[in-house]
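In what follows, chains are A, B, ... by sequence order, proteins preceding strands, each numbered from 1.
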2 protein chains.
Amino acid sequence: MTRPRSRRGGGRPTIADVARKAGVGAITVSRALREPGRVSEDLRRQIQVAVDELGYIPDPNARALASARAEVFGVLVPSLTNNVFAEVVRGIYDSLSDSPFRIQMGNTHYSGLEEERLLQLFASQRPAALIVAGIDQTPQSRKLLETAGCPVVQVMETGHDPVDMLVGFSHFDGGRAATEHLIEAGYRRIGFIGARMDPRSQRRLAGYRAAMESAGLFDPRLVTTTPLLSSVTLGRELLRDALAKMPSLDGVFCNNDDIALGVLFECRRAAIAVPKAIGIVGFNDLDMMQAAFPSVTSVRTHRYEIGRQAVAMALAAIAGRRPQQRVVDLGFELIRRESTAR
Amino acid sequence: MTRPRSRRGGGRPTIADVARKAGVGAITVSRALREPGRVSEDLRRQIQVAVDELGYIPDPNARALASARAEVFGVLVPSLTNNVFAEVVRGIYDSLSDSPFRIQMGNTHYSGLEEERLLQLFASQRPAALIVAGIDQTPQSRKLLETAGCPVVQVMETGHDPVDMLVGFSHFDGGRAATEHLIEAGYRRIGFIGARMDPRSQRRLAGYRAAMESAGLFDPRLVTTTPLLSSVTLGRELLRDALAKMPSLDGVFCNNDDIALGVLFECRRAAIAVPKAIGIVGFNDLDMMQAAFPSVTSVRTHRYEIGRQAVAMALAAIAGRRPQQRVVDLGFELIRRESTAR
DNA sequence: GCGAAAGATGGTAGCGCTACCATGCAAGGT
DNA sequence: ACCTTGCATGGTAGCGCTACCATCTTTCGC
């Protein structure tokens with residue numbers, strides 16, 4: 001008696017169909033697919049033939065339900081269009097493309113509340129691992145991460161108290177290095193220009209401030225920020241604001257490269273010589289900083305590598321190999337260019 | 001006798017726990033959560049209390065298995081870092097953030113083979129809808145989309161033969177409009193500069209060619225392309241190549257804004273006057289085109305809106321409302337700026 | 001040559017949820 | 001009073017897969 005095609009499920013072949021066709025038990029098919037080493041060469045071949053003939057694809061939902069673990073990486077970032085996170089995400093995708101893991105991404109829009117909501121949603125699927133941007137989760141979110149029961153990698157920052165693992169670099173040091181470079185180049189009235197002051201931007205600002213203070217140059221009127229999202233246009237406006245507040249400005253450390261590019265364009269438009277009258281330093285070193293005229297000094301960050309490293313660590317943890325170091329600092333590099341070559 | 005906590009499943013509350021606590025059947029809990037209208041006010045309240053007290057979150061995997069349909073939108077794009085797709089994806093995320101649907105994204109790296117692989121993977125989960133970039137799927141991929149058993153929205157282009165639904169605009173018309181604008185502005189030796197000639201770029205090039213030919217201006221030596229990925233730096237190099245091949249070049253239609261920005265920077269560096277000696281038109285109208293100095297004429301595309309519209313159509317189809325029009329053309333806008341104001 | 005250990009395979013019983021099909025009951029028509 | 005109709009609720013039986021345990025075979029030590 002043939003098993004009647006059930007009312008549900010579009011009639012796609014199941015593991016039982018494969019097992020019947022290959023003349024083995026369903027569990028052996030399951031094993032052949034997941035742990036080939038535990039099935040004899042012969043059966044493995046037989047099963048492969050049946051799989052190919054039927055066009056069998058395992059149902060990830062059934063798999064997740066039965067094994068209480070979904071083959072999914074949950075990835076939470078504050079923005080999808082910000083090139084910085086896009087690069088990290090690209091690193092994550094590339095590292096995972098040959099693995100059985102799928103990726104589920106969430107956009108927190110820089111909101112702690114939204115992050116909590118998404119974390120809850122993600123955790124309900126029992127993901128294989130979670131990758132989240134930043135270390136400033138709400139206590140609620142942190143608890144969710146701690147009890148998620150899977151490896152957790154926080155990315156983009158460094159610190160001593162990760163939930164589980166951490167990959168990134170020091171924004172404070174980056175901000176300080178950028179500012180010190182301007183000081184060394186002879187600039188004195190160095191402004192900080194930043195939009196969307198998320199925790200990472202705050203730390204860069206703190207680094208700027210530390211450098212300025214230890215050189216005896218800090219003045220609060222040198223700092224220009226806005227809660228708006230970064231954009232090149234905004235960079236232009238902020239430089240205008242900064243100059244209005246402090247006409248003697250002779251250098252700017254920009255919170256990111258979009259702002260820096262806007263600042264550069266505004267200088268050209270206002271006929272302010274770069275680097276002579278004003279020195280400019282950006283942050284992240286997007287490709288266009290090198291191509292710009294004049295080319296723009298920037299703090300290069302290894303965003304793609306952060307994504308790759310985060311996945312590598314998560315995969316190791318899944319495989320049961322707890323890494324020797326739970327915190328990896330990938331550092332940054334100050335790339336000196338024409339915009340500060342005075 | 002209390003039910004022993006099973007060996008599997010971390011002991012999170014299940015629908016049965018909620019049902020017991022609320023003194024109702026499991027199925028009623030299920031209904032109260034998914035179709036509140038079909039459960040009486042009283043029970044609904046009772047169930048809500050139990051849900052809150054237990055901190056119950058439905059298991060999406062079990063749900064997907066039982067209902068043969070996962071609450072997931074599969075999204076396939078060729079690149080994650082290309083701002084164009086990032087914007088579309090942002091529109092998709094924003095439109096879906098208040099819905100129960102999760103998003104699973106795939107990066108095809110502009111590869112048809114990779115697209116097939118991902119499509120197969122995605123389809124195996126029985127997603128609620130699929131959104132894919134472009135209309136040039138391989139026959140294999142197209143079949144997968146047709147038999148996916150869910151709404152499918154192709155995005156970024158327009159055409160008359162979608163798999164199911166289609167949202168975008170005409171790249172051919174965009175390319176033609178940009179080129180015609182240059183011609184009208186008085187430029188004659190107008191080059192096309194493009195990297196990563198995907199099908200959409202090809203259509204823009206075809207539009208350029210049509211405009212040039214009907215003005216009697218086309219010359220194959222005016223076209224400069226490369227298979228490399230677009231970048232600002234590459235724009236600089238390509239302009240150098242184009243000028244070496246054709247020193248009399250007096251205008252360029254750039255396949256995208258990154259290239260256009262590179263072209264602009266190269267002009268400044270080589271002291272070529274823009275728009276006097278060379279006119280520049282970009283494509284997509286990223287924010288920086290407006291901020292640039294001189295500001296750059298570009299073809300504005302409604303990428304975020306494409307994402308939103310795609311989701312709207314998919315949601316309508318899921319709800320059983322087949323849209324009156326299966327193809328939506330969101331058009332484009334030529335934004336004239338200083339770079340062509342001769 | 002025998003018992004133990006290790007390896008290969010299979011059967012059974014769920015994972016947590018929902019589709020399907022009752023069942024019970026109130027409202028409405030005749 | 002009867003039968004219908006519709007609504008609210010519940011029981012049962014899976015969805016397709018894997019964890020767990022049992023069984024059977026093969027290999028090895030002494």
What's the [atom1]-[atom2] distance between [X] and [N], to the nearest Å?
{"X": "B:Asp17", "N": "C:dC15", "atom1": "CG", "atom2": "C1'", "value": "13 Å"}
{"X": "B:Ile15", "N": "D:dG11", "atom1": "CD1", "atom2": "P", "value": "13 Å"}
{"X": "A:Arg69", "N": "D:dC17", "atom1": "CZ", "atom2": "C1'", "value": "16 Å"}
{"X": "B:Glu71", "N": "C:dC17", "atom1": "CD", "atom2": "P", "value": "13 Å"}
{"X": "A:Arg12", "N": "D:dC17", "atom1": "CZ", "atom2": "C1'", "value": "12 Å"}
{"X": "B:Asp42", "N": "D:dC7", "atom1": "CG", "atom2": "C1'", "value": "15 Å"}
{"X": "B:Leu65", "N": "D:dG14", "atom1": "CG", "atom2": "C1'", "value": "9 Å"}
{"X": "B:Arg126", "N": "C:dC17", "atom1": "CZ", "atom2": "C1'", "value": "15 Å"}

Worksheet item: Below 4.0 angstrom, N of the basic side chain to O of the carboxylate: do A:Glu146 and A:Lys143 qualify?
Response: no
Worksheet entry | Interface with DNA chain D, restricted to residues 22-40 of chain A and to heavy atoms under 4.0 Å | A:Ile27, A:Ser30, A:Arg34
Worksheet item: Which residues, if any, of residues 56-64 of chain A bring a heavy atom under 4.0 Å of DNA chain D?
Response: A:Tyr56, A:Pro58, A:Asp59, A:Ala62, A:Arg63
Discussion item. Among residues at least two apart in sequence or on other chains, which ones pass ring-ring contact (aromatic ring centres under 6.0 Å, His included) with A:Tyr110?
Written reply: none
Discussion item. Show me the pairs that pass side-chain hydrogen bond (donor to acceptor under 3.5 Å, both in side chains) and involve residues 149-159 of chain B, at least two apart or across chains.
Written reply: B:Gln137-B:Gln154, B:Glu157-B:Arg200, B:Glu157-B:Arg203
Worksheet item: Considering only C:dC17, C:dA19, D:dT18, which nucleotide approaches the side chain of A:Ala66 most closely?
Response: D:dT18
Item to complete: Using side chain to side chain donor-acceptor pair (under 3.5 Å) as the criterion, list what pairs up with A:Glu87, not counting sequence neighbours.
Response: A:Arg90
Do any side-chain atoms of residues 49-57 of chain B form donor-acceptor pairs under 3.5 angstrom with protein atoms, and if so which ones, sequence neighbours left out?
from	atom 1	to	atom 2	distance (Å)
B:Asp52	OD1	B:Gln48	NE2	3.0
B:Glu53	OE1	B:Lys21	NZ	3.2

Worksheet item: Hey, are A:Ser67 and A:Arg63 close enough side-chain-wise for a donor-acceptor pair under 3.5 Å?
Response: no
Worksheet item: In terms of heavy-atom contacts, does CG of A:Asp161 have more than 12 from other residues, nucleotides or ligands at under 6.0 Å?
Response: yes
Worksheet item: Side chains of A:His160 and A:Val327: does their closest heavy-atom pair fall under 4.5 Å?
Response: no
Worksheet item: Is B:Asp164 close to B:Arg326 at the side-chain level, that is, under 4.5 Å between some pair of heavy atoms?
Response: yes
